[in-house]
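What follows is a short report on a single structure.
None of these values were measured; they are calculated from a predicted model. Computation of the quantities below employed the complete heavy-atom set of this structure, encompassing side-chain atoms and omitting hydrogens, waters and symmetry-equivalent molecules.
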Amino acid sequence: MGGREHVRVAVIGSGFGGLGAAVRLRREGITDFVVLERADSVGGTWRDNSYPGCACDVPSHLYSFSFAPNPDWPRTFSGQPAIRAYLEHVADTFGLRPHIRLDSEVRMMRWDAEELRWEIETSAGELTADVVVSATGPLSDPKVPEVPGLAEFPGKVFHSARWDHDYDLRGKRVAMIGTGASAIQIVPAIAPEVERLTLFQRTAPWVMPRTDRSITAVERWLHRQLPFTRAARRGLLWGIRELQVSAFTKRPNQLGLIESLAKANMARSIKDPALRAKLTPSYRIGCKRILLSSEYYPALARPDVDLVASGLKEIRGSVLVAADGTETEVDAIIFGTGFHVTDMPIADRVVGAEGQTLADAWKDGMQALRGATAAGFPNWMTIIGPNTGLGNSSMILMIESQLNYMADYLRQLGMLGGRVALGPRPSAVNRWNRQVQARMERTVWNTGGCTSWYLDAQGRNTTVWPGTTGEFRRETRSVDLAEYEVLRVGERERVPAVAVAVAVSAVVPAAVPTAAGSKPGRSRGGSAGSGAAPLPGALPPDPRASNAGGAGEGASKAGGAGAGASNAGGAGVDAAEGVA
């Protein structure tokens, strides 16, 4: 990046969120942006998680962008190589490569209150940006527990998200730490090759069968030749999951039948009553991520696989000691212990208007207005922010909803004119957070009797969205200027955004139409960029772009489902215990 440059928008990360933001920026007619990626290729968590057996636990046709449907998914639940290839294809098809800066890790972002811009320091140089869109995702920084004696372990140690492909597991005694979504994919994949596999289970997961199969050539042909079949498939997958939401959020007792099915799944493979007892969870299904696998229980029934139903306490040389005193000597340790979700490291690198880091601002719990913007951090927003995760559907749906919000945010800045910034009002952020937390009280995630990675250090659920993806989409369809303060260069006083909104609407009434059914004061903005030239191989900019993200190719098709990356549907990874 030789020297200091300035861009309109800086996007951090090139996974589903970052690439989706880049495509949306181009569809809005904005080309003055960069995508800063710390690695040497795009793909985010689907690049980093390449462990054996890595696959998605959300159906492929729902785990893809609505604006970039893939008729050629090889399986109903596709593996990591296919998903990573899809993201590379998106980068190429939508002409994103010129905007992507690889090997450019963001070291610090500071808000310049005088110039109303972000100063960004990266490993490749410095730049400034009017707006920052942070799309680093919650599944980007692995978490390895501090185990006494780990530093002195003489064998091989690595995390599932940093798999060492140069290390040959064949003939080795291996310990798998954790029983989350990554672990239940890794265990069946490596059990046949290792000499002995020992799984350390702190908490038993609920596991349902994974009905994966190859997608036939006929199905793929139909999806290519008759796009409505692809849209219908996506809409059906979305609709089924929307109907399941109330059981998770309002009526957890209805999940008893699902528990019975999960127990039956276990009983088919685990005949030993003692082992079955160890594998039976003591909490309501859904409280922790429900995992999908048809190979996990059969792998645990193998004679060369052991289950230690106790967490790892310490390591003495090459011997692992569990909390119950069980000792196991191994040659290698694989941690499937998840990620920094409620304490994302990127928060330490964001310094806001008051000189405070985002981590300090969130020390008592993450909260962001509509999951996107944080008080004290003007012109900064996050994709997959606080309380935007899912427990049963595709995160791509949530990502596309947040991209709608991002697009309208930029339109509002454009209509306000000049050097301007929007800062979310603390009262608006607090009100939104109170509403979300109030709804959370009845959910299975809060009442199911478990401790999960959904909860922060204070026991608050700052991760999951307590509603349907359709509800979230409506809440993020447009920016409500009454929830923001307008900041201008040279002005000491903050201008009430609602007053500016009234002034703008008086000057440009046609640019801010009111959506049918929208709340009073919610300005939808115009369709900036709708006249831009079509991108090579891409859909043309759509004047209805703020509604992009529906099941199939448009909001009006197949029930209006959106698309996204998954905290509830990832590389089998259970955020704190796998890839989502």
Side-chain angles (χ1 to χ4, degrees), residues 15-17 19-20 23 43-46 54-90 93-94 181 208-245 290 292 294 390-401 403 468-470 473 537-539 547-573 579-580:
F16 266 100
L19 295 181
V23 172
T45 194
W46 292 103
C54 184
C56 188
D57 57 6
V58 167
S60 301
H61 285 278
L62 192 58
Y63 200 76
S64 49
F65 290 120
S66 64
F67 53 78
N70 179 14
D72 292 311
W73 286 115
R75 305 191 65 83
T76 52
F77 292 87
S78 293
Q80 179 263 347
I83 297 173
R84 184 178 180 184
Y86 170 78
L87 289 171
E88 295 279 1
H89 176 72
V90 168
T93 300
F94 289 88
M208 295 289 287
R210 184 166 174 265
T211 55
D212 184 32
R213 66 171 178 81
S214 296
I215 296 178
T216 66
V218 172
E219 289 175 280
R220 295 197 296 270
W221 181 87
L222 281 172
H223 293 336
R224 283 194 302 272
Q225 302 301 318
L226 302 173
F228 76 87
T229 63
R230 182 181 63 228
R233 184 174 192 158
R234 179 183 174 92
L236 178 62
L237 292 169
W238 168 76
I240 291 172
R241 282 155 181 77
E242 291 289 271
L243 292 174
Q244 297 170 347
V245 172
I290 299 175
L292 302 181
S294 298
L390 295 176
N392 74 315
S393 192
S394 170
M395 275 304 299
I396 314 292
L397 304 169
M398 302 297 278
I399 286 176
E400 288 202 25
S401 292
L403 297 183
T468 66
T469 62
R473 185 175 173 188
L539 296 177
N547 291 332
E553 280 66 62
S556 63
K557 295 183 181 180
S566 174
N567 207 1
V573 174
V579 181

### Query
Hey, does M398 have a side-chain heavy atom less than 4.5 Å from the side chain of S393?
no

### Query
Of all heavy-atom pairs between A55 and R210, which one has the smallest distance, and what is that distance?
CB-NH2, 3.3 Å

### Task
Check whether any side-chain heavy atom of S78 sits under 4.5 Å from a side-chain heavy atom of Y86, and report yes or no.
no

## Note on the structure
Taken to the nearest 0.5 Å, the spacing of D57 CG from N392 CG works out to 11.0 Å

### Summary of salt bridge (Lys or Arg N to Asp or Glu O under 4.0 Å) pairs that have at least one residue in residues 68-77, sequence neighbours excluded
D72-R224, R75-D212

### Query
Taking the side chain as C-beta and beyond, is there a heavy-atom pair between C56 and W46 under 4.5 Å?
yes

### Note, P71 side chain near R220 side chain (heavy atom, < 4.5 Å)
no

### Query
Do the rings of F67 and F94 sit parallel, tilted or perpendicular, given the 30° and 60° boundaries?
perpendicular

### Message
Just verifying a value: how many Å separate R230 CZ and S64 OG, rounded to the nearest 0.5 Å?
### Response
9.0 Å

#### Entry: N/O donor-acceptor pair under 3.5 Å between S294 side chain and P209 backbone
no

### Query
Do the side chains of L397 and L62 get nearer than 4.5 Å, heavy atoms only?
yes

### Query
Taking all non-hydrogen atoms of both residues, which atom of A68 and which atom of V90 are closest, and how far apart?
CB-CG2, 4.2 Å

### Query
To the nearest 0.5 Å, how far apart are CZ in R473 and OG1 in T468?
11.0 Å

#### Entry: Pairwise distance CD1(I83) to CH2(W73) - rounded to 0.5 angstrom
5.5 Å

#### Entry: F16 ring center near F65 ring center (under 6.0 Å)
yes

### Query
Can you list the steps and then say if R241 with T469 is a side chain to side chain contact (heavy atoms under 4.5 Å, CB included)?
CA-CA 9 Å; R241 282 155 181 77; T469 62; over 6 Å; no

### Task
Can you measure from CD (E219) to NE2 (H61) and round to the nearest 0.5 angstrom?
7.5 Å

#### Entry: Closest non-hydrogen atom pair, I399 against G17
CD1-N, 3.9 Å

### Task
Could you walk me through whether F77 and T211 pass side chain to side chain contact (heavy atoms under 4.5 Å, CB included), step by step?
CA-CA 8 Å; F77 292 87; T211 55; 4.2 Å; yes

### Message
Using side-chain heavy atoms (C-beta onward) and a distance below 4.5 Å, is L222 in contact with F228?
### Response
no

### Task
Find out whether T76 and R233 are in side-chain contact, i.e. whether some heavy atom of one side chain is under 4.5 Å from a heavy atom of the other.
yes

